[in-house]
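Okay, so here's the structure we're looking at.
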Amino acid sequence: APAGPDPDAVTGTVVVFAAASLTEAFTDLADEFEAAHPGTAVTVNLGSSAALAQQLTAGAPADVFAAANEAAMGVVSDAGLVRGEAAVFARNSLRIAVPAGNPAGVTGLADFARRDLTVALCAPEAPCGMLSARVFAYAGITPAPDTLEQDVKAALVKVERDEVDCALVYRTDVLAAGGAVDGIDFPGADEAVTEYPIATLGDAPNPGAAEAFLDFVLSGTGRAALAAAGFGVG
Amino acid sequence: MRAPDRAGQAALEALVLVERDGFRLDVRLTVPSGGVLAVLGPNGAGKTTLLRALAGLIVPNAGRVRVGDRILDDPAAGIHLEPQARGIGVVFQDYLLFPHLSALDNVAFGPRAHGVPAREARERSQAWLTRVGIGDRAGARPAALSGGQSQRAALARALVLEPSVLLLDEPLAALDAATRMDVRADLSGYLREFGGATVLVTHDPLDALILADEIIVLEAGVVTQRGTPQEVSRAPRTDYVARLVGQNLLRAASLRGLAGGGSALTLAGGLEVSSADEPSAAGMLAPGSAESGPGQSTPAAVFSPSAVFVHSARPGAGSPRNVWAARVAGIEQHAAIVRIRCLTELGGHTVLADVTPAAMGELRLRPGDQVWLSVKAVEVHLTAAA
Amino acid sequence: MRAPDRAGQAALEALVLVERDGFRLDVRLTVPSGGVLAVLGPNGAGKTTLLRALAGLIVPNAGRVRVGDRILDDPAAGIHLEPQARGIGVVFQDYLLFPHLSALDNVAFGPRAHGVPAREARERSQAWLTRVGIGDRAGARPAALSGGQSQRAALARALVLEPSVLLLDEPLAALDAATRMDVRADLSGYLREFGGATVLVTHDPLDALILADEIIVLEAGVVTQRGTPQEVSRAPRTDYVARLVGQNLLRAASLRGLAGGGSALTLAGGLEVSSADEPSAAGMLAPGSAESGPGQSTPAAVFSPSAVFVHSARPGAGSPRNVWAARVAGIEQHAAIVRIRCLTELGGHTVLADVTPAAMGELRLRPGDQVWLSVKAVEVHLTAAA
Amino acid sequence: MVGYEVRADDRAAARAAGRAGDRRGGGVPGALWVPAVIAIAFLVLPLVALLAKAPWGSIPEQLFTPEVGDALRLSLLSALAATALCVLFGVPLAWVLVRSSDWASPIFRRVLRALVLVPLVLPPVVGGVALLLLLGRRGLAGQYLYDWFGVSIPFTTTAVVLAQTFVAMPFLVLAVEGALRGADRRYEDAAATLGASRWLIFRRVTLPLVAPGVSAGAVLCFARALGEFGATITFAGSFPGVTQTMPISAYLALQSNPDGAIVLSLLLLAVSLVVLVSLRDRWIGVGT
Amino acid sequence: MVGYEVRADDRAAARAAGRAGDRRGGGVPGALWVPAVIAIAFLVLPLVALLAKAPWGSIPEQLFTPEVGDALRLSLLSALAATALCVLFGVPLAWVLVRSSDWASPIFRRVLRALVLVPLVLPPVVGGVALLLLLGRRGLAGQYLYDWFGVSIPFTTTAVVLAQTFVAMPFLVLAVEGALRGADRRYEDAAATLGASRWLIFRRVTLPLVAPGVSAGAVLCFARALGEFGATITFAGSFPGVTQTMPISAYLALQSNPDGAIVLSLLLLAVSLVVLVSLRDRWIGVGT
Ligand SMILES: Nc1ncnc2c1ncn2[C@@H]1O[C@H](COP(=O)(O)OP(=O)(O)OP(=O)(O)O)[C@@H](O)[C@H]1O
Ligand SMILES: Nc1ncnc2c1ncn2[C@@H]1O[C@H](COP(=O)(O)OP(=O)(O)OP(=O)(O)O)[C@@H](O)[C@H]1O
Ligand code: MOO
Ligand SMILES: [Mg+2]
Ligand SMILES: [Mg+2]
């Protein structure tokens, strides 16, 4: 059995389960945390939020869980695995992604209803799909998608390869894709925002370090790193 | 290494009943120590099935297999010894040398399986390979051995274990004619030295005649004849055996004694055959008797094709009491003789006649020609056919 | 479909050179229309390779194959006709009946491939199956056919196409002894009716003697002897042939004529053999000549084992001019005779002698015993051995 | 002297052998049962775990929806079509692979075979990307299809079938290759001497001889195509009724309704096992 | 009676001698080249597209990082370990499957074989879920492992190996099953009459006879294990150096750097092909 929590001793390994969309931000954060706390090592397990939640409920030994939506965090906290309350540490909102140069001349959300365009959306089961549905409801548009992707990245790949004329993805993804994808803002994007909750886990093998990592993410350094990746913070 | 007192304990006694898919095998056999029993029979008669049962590779439905005083199979008593525990050596029809092992390792397989240390097993195996004349091929894989060499290796593999019983399934069938003569002679030598009981399956009568002390003839799963090679070749009980040993066999519808001695047989179609034997000779079932009930025996005449004279015109009265009109059905040219296949006009019985090429030249026979056949009564023997 | 004027054009003439893996086949052969050439030879001599080359399944390295006036192979001229276009029928060693087709469909395969309508192909095939005696087994799959039936089906499959050349690879090897006799007789009948050229591969001399007009003996890829069956069996040129036809063959170191006629051979070790033949007989290479250069010929004595008399004491002076001291090396009991294998004291030459069982009973010989062998000079023939 | 004592366990072994008939020298040795049973357990227990966690109460409502019906139909049809394509193109490929030994260098064959294994090693998602790069609207070949004929393959059922064919093809090729290698070529020689053209020989002799291998390969293909997910969703996308196969449905359900995903997977499994077990006998021949 | 397999050296001899040599009645008929070439194109062109789009300039910096080295090492080691497990457990399973015909009903065998196919049909992600449900800390079996021995399998390299074993096992079993079915059982009979125990027969006779089948199955296993993604990421997670195999790295790279993902996949491919092509000859035997 693990030793009792000792808030002063921040050493050892911190196991962080993080949504795949946090890949770069958390890789940077982990390095900085290790630099700030010599003697610690952060291992990040990346995957889709739902899969991570599944792993945690199956008893995965983790210290911190950073999810891409409340639903996934809900699954874990409903299972009684979260220590204390989950805190929101980042926000993300949607943007229209078009292939570089916007060959189809997409201008706004209304183009998603055009039958002559090839349109990709996230599947309604995926977090970004739920968000998209809210956006379209708000705008009063019925989209005509050609494919319902399993996650944002799948949709983004198709934009990068110019297989679809437009897709609705997270702002952070547009940023990460660099020059391969152009982003187009649309009005009402801020009405549908997904919040990234983070929490330490009740079964955390290294509760002290877990707390320290969570604090670090919420700290100024953490927020700066997240903002650099395109997340909304604050 | 040679068991000092194997005599007596190696005798094989078996009654084997196997039934499957409508095929029924029912054989009783006994082989004394040092004896060689040949099992002769046409394709599909059950020869291999019999050997597999003796080797323990088939569990018989009923019967009893005994070697010396050990019971190997007794289905009624729930006894079945695994092949591993029987001490029976088998040389399979196509040798079944392990393709991934050298000749030496093939022979050493058995001793190794019996826990003999590797070094000793290899020495012993090398000695046996040398003994069967392929000591220099010890390192070769079976694929690199000729047919005759494979046969010898398989023999060595079986003999190195000094089994009390040796089963050989057509050991010569895959060899070419010249190799075959050599191997047959060698095999004859090994079997004479081998102290255990041997069962030799073959469908070549020559093998049986040269190698065996006793023959059983298996047809469609049952023994139709048993006896020494001489007995079987002299008094074939079935058409199969008669053809095999090159005798004429004519079954009679009736048999009666003649006043002046000898007997007369009447065949289907009214053909009359006279023999110098007394009628009682046909009742003597002793040596050539079959398993099948005595009710199935038919008196029959046996005579050699060389005892048949062929005439292109009806011969005048003379010593041969048998003179039959016949028609030539086929002519086979052999090296030293010509064999003529004739059909008698009465009853259409097949009679083979051997004549010299010189005689053939005079007769100028062609298929379909009319001929007369004569056989001296003293050349015609009576027997009990199945 | 029957070629109307096959006579003359069907003659097969071939010179085949195949080289591979250190094995070299070099054969010249000619078969007239209606003729049957038997190719006799030990395992691995190249018999199957020869047939495969004739059938077009192997491209020869050099040579020439002609059927009638069609050139089938001429590597020098870049000519090679595909097997499909050769009009050569093949009966393979293990038949190679298509396992997924009935006997009828196997036979009908060829006609169908030649564009004959299904109905007609089946009728023609049924007729051939009936002709070879298995009309009632038309619907059976090869697995359900016995060895003899398979052989007949394979024959029908080749013959239904009325080929101008028929190649048979050991057509009787897989049959049991009794079936074999029947099939051999039937085959002899078909071959007589068949108007084309036939090449028959076998390693059974009896097949060759009964079925063939001419024999070539193939050993290690080269022809060591050719001639009619009678010539080959009378004057074997190699030990292989001598063993096969059951003759003694003794090679001489020197040969000289005798004053009173006849000749004397001196063998290695000083053994002297007298023959009534004139020395010139050994030079006559005509009928039994081999391909190999004349320089390889050796004068030799040939005589039958039955011409050898065996004495347990030195015989007195008499007519046999050949009297040799020898030692018994082996004894084989055959049906009607006993074959004794002797080694002469001079030179250790092997001499086989056949005696009757009765004579054997008097001699009471055992291996190792000293004997004297006598052969009349008139029974000893001269020949040119390879 | 090698001894042949009657051992104590002889009788036990004898009784175990029991009924009459062929008994093979190579009966299953006890030592092999242990790993075999472990292997079976390892393959079966995860399935048991799935079944144990399945929400049996809500199954009817999960299953009897038009969406599930669509996905199931699409999965079965596309897997069958992919299997057919694999057979149609894979059998000739296997044949060339085996028979190229007659004229090609060993290197040629080794490289060819290695290339056949590519779809097996490539992570399916990457395989899908590769297909996009080739056949997509801006793909190496796809751009011409699109520019000249207005044909775009991604996001169509055709794309699903192609993705499944791509990942399943190696199974067919390798199974048929093995069968061809084991077949006795002398039957083909015999057919040639009977005047059959190469094509006729292939159809009427070679193909029937390797039929069991083709069937076994087709079964593997079908199973693999049915379970395909990564290449399909990447190359074909996922639209209900057009490109959303059962594995994609199940994966999507996993994000919002994990129990539903399990139910869908079990359905897929049940259907495919029924298909495989029932086809087997007629397909692969008796005794297989 | 003598088989006429065309052997490698035979062909060399034929070529040396000019055009002479065995020509088989079943040469490749022209009609078969068309589908064969299409099949090859279909398998190879996507790869060409990948290569064409690969960012060749940035490859060195993408590849020569410690993370890629770790992932590659982990992939190769875990795939090898999984292959070893498949052989260790799958060969006995195949054996029981084939030999059960001696005593078990045909139904038993058909069900057993169907179960062996399960991991093939199950979408890999669902397979991973099933493994979690079985071996997770709260899993059907895993809870006891954890409570009694403190052992937790998921998220360890062991879990990677198990996930790969689960998806790869069917390949080995089916390949070995085919080989066993084709092997001549009379060699086992011969060994039995020589006194060999069943276990000795298995080791020294049966196994050497089916070695080519085992090798072929092992190659398939290795390839499949190397490409495994869904079951691994679900059951084992993706910890760099511990559970993050190449396919997972490639998938994660796809999030931020799609070109990098392609490079990683090509590296995986190149390494595995080198392994397969170089092992092939010693492994599978000459002439295969
Ligand atoms: N495994 C088997 N299952 C069913 N029937 C069989 C089996 N093996 C052989 N038989 C049948 O049993 C009978 C006897 O076959 P067996 O092999 O013993 O004959 P044989 O005398 O050895 O023939 P051959 O001379 O051809 O070797 C045949 O009718 C054969 O079809
Ligand atoms: N495919 C092959 N590759 C290499 N060598 C071969 C091949 N087939 C046969 N040989 C060799 O060619 C020689 C002649 O073989 P072939 O089969 O023609 O002999 P055969 O006279 O038919 O023998 P058998 O009486 O055993 O049928 C043998 O030395 C054999 O080993
Ligand atoms: O994992 Mo997410 O679920 O990256 O969108
Ligand atoms: Mg047999
Ligand atoms: Mg041959």
Side-chain angles (χ1 to χ4, degrees), chain C residues 1 48-49 51-59 72 81-102 105-116 118 121 125 141-143 150 153-154 156-169, chain D residues 22 87 91-92 94-96 98-106 175-218 279-288:
Chain C
M1 234 180 118
T48 297
T49 306
L51 286 202
R52 288 178 64 81
L54 294 177
L57 296 167
I58 294 176
V59 183
L72 304 189
L81 237 65
E82 297 290 292
Q84 284 90 338
R86 294 190 160 221
I88 292 186
V90 187
V91 176
F92 292 87
Q93 196 161 347
D94 33 11
Y95 314 138
L96 295 179
L97 294 173
F98 304 125
H100 55 290
L101 299 180
S102 69
D105 288 336
N106 261 282
V107 179
F109 186 94
R112 294 288 294 131
H114 282 86
V116 176
S125 303
R141 290 282 175 94
S150 301
R157 186 173 70 169
L159 288 176
V160 70
L161 290 174
E162 312 259 340
S164 45
V165 173
L166 182 63
L167 310 177
L168 304 162
D169 199 352
Chain D
D22 275 55
V87 171
V91 170
W95 211 59
V96 167
V98 172
R99 296 302 153 84
S100 62
S101 64
D102 292 355
W103 43 264
S105 71
V176 176
E177 194 201 351
L180 275 173
R181 207 178 286 288
D184 190 342
R185 295 185 63 179
R186 294 178 312 143
Y187 287 113
E188 299 178 349
D189 290 346
T193 67
L194 294 171
S197 68
R198 291 171 169 197
W199 174 236
L200 187 71
I201 293 173
F202 176 76
R203 270 196 310 122
R204 293 261 291 154
V205 178
T206 317
L207 215 47
L209 286 177
V210 299
V214 176
S215 311
L279 274 183
R280 215 160 172 85
D281 276 59
R282 257 169 303 152
W283 233 11
I284 305 219
V286 180
T288 315

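Just so it is clear: chains get the letters A, B, ... in the order the sequence lines come, proteins before strands, and each one is counted from 1.
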Query - Pairwise distance OG1(D:Thr193) to CZ(C:Phe92) - rounded to 0.5 angstrom - result: 4.5 Å

Report task. Write down the atom of D:Tyr187, the atom of C:Phe98, and the distance for their closest heavy-atom approach. Result -> O-CE2, 3.3 Å

Query - Nearest heavy atoms of C:His114 and D:Gly195, plus distance in Å - result: CE1-CA, 3.8 Å

Query raised in the report: What part of C:Leu97 is in contact with chain D, defined as an atom under 4.5 angstrom from a non-hydrogen atom: side chain, backbone, both or neither?
Result: backbone

Query raised in the report: Which bit of C:Arg157 comes within less than 4.5 Å of chain D, counting heavy atoms only: side chain, backbone, both or neither?
Result: both

Query raised in the report: Can you check whether C:Leu57 reaches D:Arg186 side chain to side chain, under 4.5 Å on heavy atoms?
Result: no

Query raised in the report: Of the backbone (N, CA, C, O) and the side chain (C-beta and beyond), which part of C:Leu96 lies under 4.5 Å from a heavy atom of chain D, both, or neither?
Result: both

Query raised in the report: Less than 4.5 Å apart, any side-chain heavy atom of D:Leu200 and any of C:Gln84?
Result: no

